[in-house]
Amino acid sequence: MIVKENQPALHAAIDLVFQAPPPPVAEHQLDRVTTIEQGHGRLETRTLERTCALNEYLDWPDVGQVLRRTCERIKLTTGEVSPEVTYGVTSLGWQAAVSVVEALWRGHWGIENKVQYVRDVTCGEDAGQIRVGQAPQALAALRNGLLTLLRSTGVTNIADALRSYAAALEETFALIGVPL
């Protein structure tokens with residue numbers, strides 16, 4: 001789970017344990033892995049650090065370790081550097097290799113980019129005014145179903161597909177299996 005500043009005590013505790021780590025002892029290990037990738041006109045260096053030093057301190061269910069991920073992106077065309085530090089907590093125990101934890105974190109962002117971002121930006125979910133009862137969950141389920149349906153047909157640009165189907169009622173009904 002990503003830890004943001006809306007969890008101030010947890011965020012501060014994780015930040016502190018990486019800024020001023022406790023003396024190394026077997027049960028308070030600090031481990032890290034760095035990956036470097038080039039693509040989309042960027043060079044990305046990601047370092048994932050983890051420790052179990054907070055396991056006894058945190059009042060968090062099934063905490064296995066806390067994480068700090070530092071990502072530095074360099075735009076190759078301009079040389080512009082953008083650093084980012086993100087914190088997380090996981091129930092995975094120390095036996096999970098740090099490289100596995102990094103791969104899982106990276107996979108999480110694939111979900112974030114393919115689902116949440118599309119729901120927020122393309123479908124305008126955050127701008128919605130419905131906030132009471134079961135309606136927000138029902139609309140989220142409908143959006144997820146729509147995204148899954150569109151992707152199952154090979155759609156890669158959801159915004160273009162939504163515009164296209166909005167202009168073609170017969171194709172829209174055929175997509176959802178409603179005969180005219």
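Residues: numbered from 1 along the sequence shown.
- Between Gly93 and Arg50 the shortest heavy-atom distance is O-NH1, 4.4 Å.
- The side-chain heavy atoms of Leu147 and Arg119, taken from C-beta on, include a pair separated by under 4.5 Å.
- To the nearest 0.5 Å, atoms NE2 (His11) and OG1 (Thr86) are separated by 8.5 Å.
- Cys52 approaches Gly64 most closely through the heavy-atom pair CB-O, 3.8 Å.
- A donor-acceptor contact shorter than 3.5 Å is absent between the side chain of Ser91 and the backbone of Asp62.
- In summary, the side chains of Thr34 and Thr47 do present a donor paired with an acceptor at a separation below 3.5 Å, with no hydrogens or angles considered.
- Between Leu67 and Val89 the shortest side-chain heavy-atom distance does not fall below 4.5 Å.
- Residues passing the ring-ring contact (aromatic ring centres under 6.0 Å, His included) test with Phe18, sequence neighbours excluded: none.
- Looking at every heavy atom in both residues, Ala13 comes nearest to Tyr57 through CB-CE2, 3.9 Å.
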**Prompt:** Can you list the steps and then say if Val85 with Arg68 is a side chain to side chain contact (heavy atoms under 4.5 Å, CB included)?
**Reply:** CA-CA 7 Å; Val85 177; Arg68 175 173 71 175; 3.8 Å; yes
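- By the rule that hydrophobic residues join a cluster once side-chain heavy atoms approach within less than 4.5 Å of another member, Leu104 and Leu48 end up as members of one cluster.
- Considering only heavy atoms from C-beta on, Ile158 comes within 4.5 Å of Arg151 through its side chain.
- Contact annotation: the side chain of Arg73 approaches that of Glu84 to within less than 4.5 Å [non-hydrogen atoms, C-beta and beyond].
- Summarising the geometry of Ile14 relative to Gly88, their closest heavy-atom pair is CD1-O, 3.8 Å, with the distance given to 0.1 Å.
- Note: the hydrophobic cluster containing Ile36 does not contain Val33 (ILVMFWY, side chain heavy atoms under 4.5 Å, direct or indirect links).
- Taking all atoms of both residues into account, the shortest heavy-atom contact from Val155 to Ala161 is CG1-CB, 3.5 Å.
- In the hydrophobic clustering, where aliphatic and aromatic side chains (Ile, Leu, Val, Met, Phe, Trp, Tyr) are joined below 4.5 Å either directly or transitively, Ile130 groups with Leu139, Leu142.
- Put simply, the side chain of Asp31 does not reach to within 4.5 Å of the side chain of Thr51, judged on heavy atoms.
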**Message:** For a side chain to side chain contact (heavy atoms under 4.5 Å, CB included) check, start with the C-alpha distance between Tyr87 and Val66, then their side-chain angles and the critical distance, and finish with the verdict.
**Reply:** CA-CA 8 Å; Tyr87 298 104; Val66 293; over 6 Å; no
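- Checked by atom type and distance alone, the side chain of Thr153 pairs as donor or acceptor with a backbone atom of Leu150 at under 3.5 Å.
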**Item:** Derivation of the side chain to side chain contact (heavy atoms under 4.5 Å, CB included) call for Leu162 and Leu146
**Value:** CA-CA 10 Å; Leu162 292 176; Leu146 176 62; 3.7 Å; yes
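- Under the 3.5 Å distance criterion, the side-chain polar atoms of Ser152 are matched with a main-chain donor or acceptor of Leu149.
- For Thr172 (side chain) and Ala168 (main-chain N/O), a donor-acceptor pair under 3.5 Å exists by modelled atom type.
- Listed for the Gln65 side chain is a donor-acceptor partner under 3.5 Å among the backbone atoms of Leu92.
- You'll find the side chain of Val63 stays beyond 4.5 Å of the side chain of Met1, heavy atoms only.
- No more than 12 heavy-atom neighbours from other residues, nucleotides or ligands sit within 6.0 angstrom of CD on Glu170.
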Enumerate donor-acceptor pairs with a distance under 3.5 Å from any side-chain N or O in residues 37-44 to protein atoms, sequence neighbours excluded.
{"unit_1": "Glu37", "atom_1": "OE1", "unit_2": "Arg46", "atom_2": "NH2", "d": "3.2"}
{"unit_1": "Glu37", "atom_1": "OE1", "unit_2": "Arg106", "atom_2": "NH2", "d": "3.2"}
{"unit_1": "Glu37", "atom_1": "OE2", "unit_2": "Arg46", "atom_2": "NH2", "d": "3.0"}
{"unit_1": "Arg42", "atom_1": "NE", "unit_2": "Glu44", "atom_2": "OE2", "d": "3.2"}
{"unit_1": "Arg42", "atom_1": "NH2", "unit_2": "Glu44", "atom_2": "OE2", "d": "3.1"}
{"unit_1": "Glu44", "atom_1": "OE1", "unit_2": "Arg46", "atom_2": "NH1", "d": "2.7"}

**Request:** Decide side chain to side chain contact (heavy atoms under 4.5 Å, CB included) for Ile2 and Lys4; before the verdict, give the C-alpha distance in whole Å, the side-chain angles of both, and the deciding distance to 0.1 Å.
**Result:** CA-CA 6 Å; Ile2 304 300; Lys4 297 182 181 178; 4.1 Å; yes
